[in-house]
Amino acid sequence: MKFNTTHTLKEIAAIINSEFVGDENFPVYGMNEIHVVESGDIVFVDHPKYYDKALSSAATTILINKNVDCPEGKALLISEDPFRDFNTLTKHFKPFQFSNVAISASAKIGAGTVIQPNSFIGNEVVIGKNCLIHSNVSIYDHTVIGDNVIIHAGSILGADAFYYKKRPDGFDQLISGGRVVIKDNVGIGALCTIDKGVTGDTIIGEGTKLDNQVHVGHDTVIGKKCLIASQTGIAGCVIIKDEVTIWGQVGTTSGITIGEKAVILGQTGVTKSIEGGKTYFGTPIEESREKLKQLANIKKIPEILNKLK
C-alpha cells in the first residue's frame with residue numbers, strides 16, 4: 001500500500017507514538033507485508049524468529065519490538081506492539097469510509113456495464129466496460145474490475161483477510177488495507193468470495209473463470225486463463241500460474257505456488273508448491289498416476305492378509 005504523499009520517519013513515529021532510529025527526515029512511501037515489500041516501505045516484525053528476514057528485506061523502515069542494530073540505509077520504528085501499531089497506520093492511511101447508497105458517487109463505471117438490483121458498489125471502485133454485475137453482489141471499496149467481466153449473484157469482492165494474532169483475551173485482527181483487482185474477461189460464479197489483500201492486491205488474471213462457491217484468500221495472485229471449479233478454497237498468498245485447472249472441492253495451504261498448466265483433480269489437498277504441466281491428486285498431494293497406483297495397492301491389502309493367514 002503506497003501513501004498518497006511521501007512521509008518522514010518522524011511523522012510516522014508520531015502517528016504511532018513510537019521511538020525511532022535513523023534520520024528524522026528519512027522518507028517513507030508506503031507499508032506492506034514481508035512478501036510484497038519494496039524500497040520505501042514499512043514492514044512489521046514481532047517475533048525473534050523473523051527479525052533477520054525483516055531487517056534484510058527490501059523494506060527500508062522496520063517496525064520492530066526490539067532495539068536492534070539498524071542496517072545501513074534503513075530506519076527503525078521501536079514499538080511495544082508492532083502488530084497493533086501496523087493496524088494503527090492502516091487505519092490512519094486507509095480509514096473505513098461509510099456509505100449509505102447502493103452505488104457510491106466516487107465509483108467509476110464503464111460504458112455498457114449493467115448492474116442488477118440490490119448490488120452494492122463501494123467507494124472508489126472502478127468497473128470497466130461491458131461488464132454484467134448480477135443481483136446481490138457486494139463490491140467493497142477500492143476494488144478494480146476490468147472490461148467484459150461477469151459476476152454472478154451473491155458474490156463478494158473485497159472482504160477482510162483471515163489474519164489474526166492470538167491474544168490472552170481472544171484474537172486481534174490484522175486490518176486489511178489492500179484491494180481486489182479483477183482483470184479483463186474474467187467470469188466469477190455465484191456466491192464466490194474474494195478477499196482483499198492486507199496491504200497489496202488479490203489478483204484474478206485475464207480470462208480466468210471461477211465456478212460457483214469458490215473462495216480466494218488475501219493477496220493470492222491467479223494467472224491468466226485458469227479454470228477453478230466449485231467449492232474450491234484457495235488460501236492467502238498463493239500464486240497460481242497461467243492456465244491452471246483446479247477441479248471441485250480442492251483446498252490449498254497458504255504461501256505456495258502452483259505451476260503453469262498444472263491440473264489438480266477434485267478433493268485434492270494442495271499441501272505444498274507443485275510444478276506445472278502435470279496432473280495431481282490426493283492428500284497429501286502427489287502426481288495422479290502415482291497416487292492412483294497407491295490406492296490400487298491398498299485395495300490388495302485384505303487379499304494379502306488372507307494369504308498370510
Side-chain angles (χ1 to χ4, degrees), residues 1-97 124 140-142 158 160-180 195-202 217-221 236-237 254-255:
M1 180 172 68
K2 299 301 181 186
F3 303 146
N4 290 331
T5 60
T6 301
H7 292 267
T8 66
L9 181 66
K10 183 178 179 179
E11 289 171 338
I12 298 296
I15 293 169
I16 58 176
N17 194 27
S18 77
E19 299 177 12
F20 63 87
V21 177
D23 181 352
E24 66 177 33
N25 294 313
F26 188 84
V28 182
Y29 304 129
M31 53 190 287
N32 269 311
E33 288 187 278
I34 189 70
H35 63 285
V36 289
V37 286
E38 300 173 344
S39 179
D41 285 345
I42 301 169
V43 70
F44 85 90
V45 60
D46 58 3
H47 194 288
K49 180 179 178 181
Y50 302 109
Y51 285 168
D52 288 344
K53 183 177 181 180
L55 290 164
S56 62
S57 71
T60 43
T61 302
I62 295 86
L63 177 60
I64 189 170
N65 57 348
K66 184 178 180 181
N67 202 334
V68 297
D69 291 336
C70 183
E72 185 177 353
K74 299 192 178 188
L76 303 178
L77 292 161
I78 311 300
S79 166
E80 292 181 357
D81 192 336
F83 189 99
R84 176 203 64 202
D85 288 340
F86 199 76
N87 273 345
T88 298
L89 291 173
T90 300
K91 287 187 284 188
H92 180 87
F93 289 107
K94 206 78 170 286
F96 174 74
Q97 295 177 267
E124 309 296 336
Y140 286 34
D141 294 1
H142 305 289
D160 285 343
F162 188 74
Y163 194 140
Y164 293 87
K165 183 179 181 67
K166 190 173 184 179
R167 305 284 195 182
D169 57 349
F171 295 97
D172 194 1
Q173 184 177 22
L174 188 63
I175 295 170
S176 297
R179 307 183 301 174
V180 170
D195 293 345
K196 62 186 170 187
V198 171
T199 55
D201 295 337
T202 302
H218 70 91
D219 294 285
T220 282
V221 177
C237 303
S254 62

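Heavy-atom neighbours of Asp69 CG from other residues, nucleotides or ligands within 6.0 Å: at or below the threshold of 12.
The side-chain contact (heavy atoms from CB on, under 4.5 Å) check on His35 picks up Glu33, Asp219, Cys237, with sequence neighbours excluded. Qualifying salt bridge (charged side-chain N to carboxylate O under 4.0 Å, His left out) partners for Lys165, counting only residues two or more places apart in sequence or in other chains: Asp46. Take Ser56 and apply the side-chain contact (heavy atoms from CB on, under 4.5 Å) test, not counting sequence neighbours, and it matches no residue. Take Asp141 and apply the side chain to side chain donor-acceptor pair (under 3.5 Å) test, not counting sequence neighbours, and it matches Asn123. Under the rule for a salt bridge (charged side-chain N to carboxylate O under 4.0 Å, His left out), Asp52 has no partner lying at least two apart in sequence or in another chain. Every residue two or more places apart in sequence or in another chain that forms a salt bridge (charged side-chain N to carboxylate O under 4.0 Å, His left out) with Glu38 is listed here: Lys2. Listed by chain and number, the residues in a side chain to side chain donor-acceptor pair (under 3.5 Å) with Thr199 are Asn32 (sequence neighbours excluded). Taking the side-chain contact (heavy atoms from CB on, under 4.5 Å) definition, one finds that Tyr50 meets it with Val45, His47, sequence neighbours left out. Every residue meeting the side-chain contact (heavy atoms from CB on, under 4.5 Å) condition with Lys66, not counting sequence neighbours, appears here in chain and number order: Tyr51, Val68.
Judged purely by atom type and a 3.5 angstrom limit, Thr8 has no side-chain atom pairing as donor or acceptor with the backbone of Asn25.
Under the side chain to side chain contact (heavy atoms under 4.5 Å, CB included) test applied with Met31, the options Val43, Ile42, Val198, Val37 reduce to a single match, Ile42.
Scanning both residues, Gln173 and Asn87, for their nearest heavy atoms gives O-ND2, 2.9 Å. Shortest non-hydrogen contact noted between Gly197 and Ser176 is O-CB, 3.8 Å. Here the closest heavy-atom approach between residue Gly236 and residue Ser254 is recorded as O-CB, 3.1 Å.
To the nearest 0.5 Å, atoms CG (Asp195) and CG (Asp160) are separated by 8.0 Å. If you take CD1 on Ile62 and CG on Asp41, they are separated by 10.5 Å, rounding to the nearest 0.5 Å. The line from CZ of Phe86 to CZ of Phe44 is 6.0 Å long, rounded to the nearest 0.5 Å. Within the model, atoms OG1 of Thr88 and CG of Leu63 stand 9.5 Å from one another, a figure rounded to the nearest 0.5 Å. The distance from atom CD of Glu19 to atom CG of Asn67, rounded to the nearest 0.5 Å, is 7.0 Å.
Residue pairs meeting the ring pair (Phe, Tyr, Trp, His ring centres under 6.0 Å) criterion with at least one partner in residues 4-29, sequence neighbours excluded, are Phe3-His7, His7-Phe93.
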Test Ile12 against Thr61 for side-chain contact (heavy atoms from CB on, under 4.5 Å), laying out the working first.
-> CA-CA 10 Å; Ile12 298 296; Thr61 302; 6.0 Å; no
Which atom pairs, one a donor and one an acceptor, fall under 3.5 Å between side chains of residues 71-83 and the rest of the protein, sequence neighbours left out?
from  : atom 1 : to     : atom 2 : distance (Å)
Lys74 : NZ     : Leu55  : O      : 2.8
Lys74 : NZ     : Ser57  : O      : 2.5
Lys74 : NZ     : Ala59  : O      : 3.1
Ser79 : OG     : Asp81  : N      : 2.9
Ser79 : OG     : Asp81  : O      : 3.2
Ser79 : OG     : Asp85  : OD2    : 2.5
Asp81 : OD1    : Phe83  : N      : 3.4
Asp81 : OD1    : Arg84  : N      : 3.1
Asp81 : OD1    : Arg167 : NH2    : 3.3
Asp81 : OD2    : Arg167 : NH1    : 3.0
Asp81 : OD2    : Arg167 : NH2    : 3.0

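No side-chain heavy atom of His142 sits under 4.5 Å from any side-chain heavy atom of Lys196.
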